[in-house]
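Below is one structure, written out as structure tokens, with a few remarks after it.
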Amino acid sequence: MTKITVAKGDGVGPEIMDATLSILQAAGAQLDIDEIEIGEKVYLSGNTTGISPDAWDKIRTNKIFLKAPITTPQGGGYKSLNVSTRKFLGLYANVRPCKSYHPFVKTKHPVVDMVIVRENEEDLYAGIEHQQTDEVVQCLKLISRPGCEKIIRYAFEYAKQYNRKKVTCFTKDNIMKQTDGLFHQVFEEIAAEYPEIENEHWIVDIGAAKVADTPEHFEVVVMPNLYGDVISDIAAQITGSVGLAGSSNIGEECAMFEAIHGSAPDIAGKNIANPSALMHGSLMMLNHIGQSLVAEKIHNAWLTTIEQGIHTADIYDEKTSKQKVGTQEFAAAVIANLSNKPSSFEPIQYGNRAALKLPTYQKKAPSLKELQGVDLFAHWNGTNPNEIAEKLKGIETKNTELVMITNRGIKVWPNGFKETFCTDHWRCRFQPATGDTFSKEEIIQLLQNAENQGLDIVKTENLYAFDGKRVYSLGQGQ
Ligand code: NAD
């Protein structure tokens, strides 16, 4: 018997959770259910996190969490409970299998069988955003080496366990050379440890187009958080319905299982939602806790039901379906098929699908870190780069000189184009003259001089070389 935390969520959540639990129970899953209340009611009671400390305690004690979708109320400073659960519990891997069920579920892509492995904790979802000037806001994209190593190793270990032959990586490292560049570099390093698994890298834009056009090309695809969020919805939708795909969120201690779709308030309370996505999430959970035989039985019963043409409204099609059913009737049909195996689809045989045990991240020896200069970001309302350059030359110290000004990343001084549009946000790079050393004292002096001159500096960014390699971007055109 495994104790699990269950949250029935909002919108269609309670209906699809009841349907899923009825199937799990009828199939003989050994589960002791500890229910918590999270989501809309908790938010609207004045708790902006959507979850009580008590509920957190249960989730952390039980470690396995089956969660129905929840509604995050608009505005009012409400924090997304999905994002905070993934981050607080260190659920670094979001695994989303997307498969088409042709010819029983209508799809433009009869052969989709791909698994998106999405990094779940960092990237632009670190949620570090600031407004710095009247015209410019920023969001920090954080990519860490441990984050990359953990998710990429997870993707290769997953491929090994599920007999997948290829792992693909998507990044945009032709533009983001440091952040996506690190993700791609770690992918190459870890891929080399798995010579039996084919590997490839695609730039994310053409990769996404390929997913939408030729999804049969892909098996396991690993990518940073934002790309994974977008592309896994595309991959799920092209199989026929977002109501089909489940997902797991895996951490070193805890794991959360859910549907990939939201709370679907437009169809809530009508007994028409498809419970299959949450049910698929629950099958991933059964595998994770070592109850693969029960998962296998349910999966085969579900495939049989789909083959029989017993379909909920989202996948019902006059040509391919036989009977349109509601949420509860669909669950009852799956339960009635629990002793059956599909005849058109290949019956499922899971074998060993227990939780993957990955080695813990080993910290690397620190690199030799050399400070080479500083970028000062100024809020200035003028439009002529030569004018701000004049002011900035006035704050140079004995050892530093102004070497470049960019506006939204484009070099505008020295020798900028008069056509370049400039906002009120100027990145001003100071570096020592050749041969001079540079220290943090210089930065303090530059800031003091700027303050004395009435220049509004809104942010500084140190420029480093690690082990002799420059690891900051040049201005475009520099
Ligand atoms: P949604 O996924 O809830 O709905 C999108 C469309 O898909 C709707 O037309 C809906 O009717 C349909 N749909 C979704 N699930 C279905 C199912 N099981 N069966 C049949 N049709 C289904 O996305 P949305 O409308 O953008 O978001 C609604 C709410 O859900 C928002 O408050 C959002 O914050 C929340 N949300 C929660 C989660 C989560 O809890 N993991 C994920 C995404 C969105």
Side-chain angles (χ1 to χ4, degrees), residues 6-20 23 36-44 48-51 55 59 65-87 89 91 94-96 98 101 105-106 116 118 120 125 225-226 228-230 232-249 255-282 284-285 302 306 310-317 321 324-331 334:
V6 165
K8 292 193 175 177
D10 302 314
V12 294
E15 302 159 64
I16 59 172
M17 183 59 88
D18 286 343
T20 298
I23 298 170
I36 56 167
E37 169 114 56
I38 56 169
E40 207 169 14
K41 265 200 209 137
V42 183
Y43 281 120
L44 298 178
T48 53
T49 62
I51 181 167
I59 293 171
F65 183 20
L66 181 61
K67 183 182 111 351
I70 51 175
T71 303
T72 311
Q74 297 285 315
Y78 299 113
K79 293 269 175 213
S80 160
L81 186 48
N82 294 315
V83 175
S84 40
T85 308
R86 290 168 189 161
K87 292 211 277 199
L89 298 179
L91 309 180
N94 186 198
V95 184
R96 297 181 161 193
C98 298
Y101 301 96
V105 177
K106 197 175 160 196
I116 309 271
R118 162 189 171 195
N120 221 10
Y125 289 58
N225 205 340
L226 175 64
D229 194 0
V230 176
S232 59
D233 269 27
I234 300 174
Q237 184 66 41
I238 61 171
T239 65
S241 168
V242 285
L244 293 174
S247 92
S248 63
N249 298 267
M256 174 170 83
F257 301 86
E258 58 184 344
I260 76 156
H261 62 74
S263 55
D266 52 337
I267 55 167
K270 297 180 177 160
N271 189 41
I272 54 177
N274 189 344
S276 300
L278 185 61
M279 191 210 76
H280 276 128
S282 78
M284 296 169 92
M285 175 188 78
W302 182 84
I306 295 296
I310 303 174
H311 294 166
T312 44
D314 56 317
I315 57 169
Y316 183 83
D317 178 76
S321 308
K324 193 195 273 183
V325 291
T327 314
Q328 286 175 21
E329 294 72 26
F330 182 79
V334 175

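Atoms within each ligand, like the ligands themselves, are counted from 1 in listed order.
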Closest heavy-atom contact between A277 and A245? CB-O, 3.1 Å
Tell me, please: is Q74 in heavy-atom contact with ligand 1, that is, under 4.0 Å? no
Sub-4.0 Å atoms of ligand 1 with respect to non-hydrogen atoms of T71: 32 (O)
Heavy-atom distances under 4.0 Å decide this one: backbone, side chain, both or neither, for D266 against ligand 1? side chain
Taking the side chain from T327 and the backbone from A273, do they hold a donor-acceptor pair closer than 3.5 Å? yes
Quick check against the 3.5 Å criterion: does Y101 have a side-chain atom that pairs as donor or acceptor with the backbone of T239? no
If the contact criterion is a heavy-atom separation under 4.0 Å, does P265 count as touching ligand 1? yes
Given A264, S263, G243, A268, identify the one with the heavy atom nearest to atom 31 (C) of ligand 1. S263
Between K87 (side chain) and Y125 (backbone), is there a donor-acceptor pair under 3.5 Å? yes
Taking heavy atoms and a distance under 4.0 Å, where does N82 meet ligand 1: side chain, backbone, both or neither? side chain
Heavy atom of protein closer than 4.0 angstrom to atom 29 (C) of ligand 1: yes
For atom 5 (C) of ligand 1, the protein heavy atom that lies nearest, with its residue and separation: V242 CG2, 5.0 Å
Among protein heavy atoms, which sits nearest to atom 19 (N) of ligand 1, and what does the distance come to when rounded to 0.1 Å? N274 N, 2.9 Å
Below 4.0 angstrom, counting only protein heavy atoms, does anything approach atom 3 (O) of ligand 1? yes
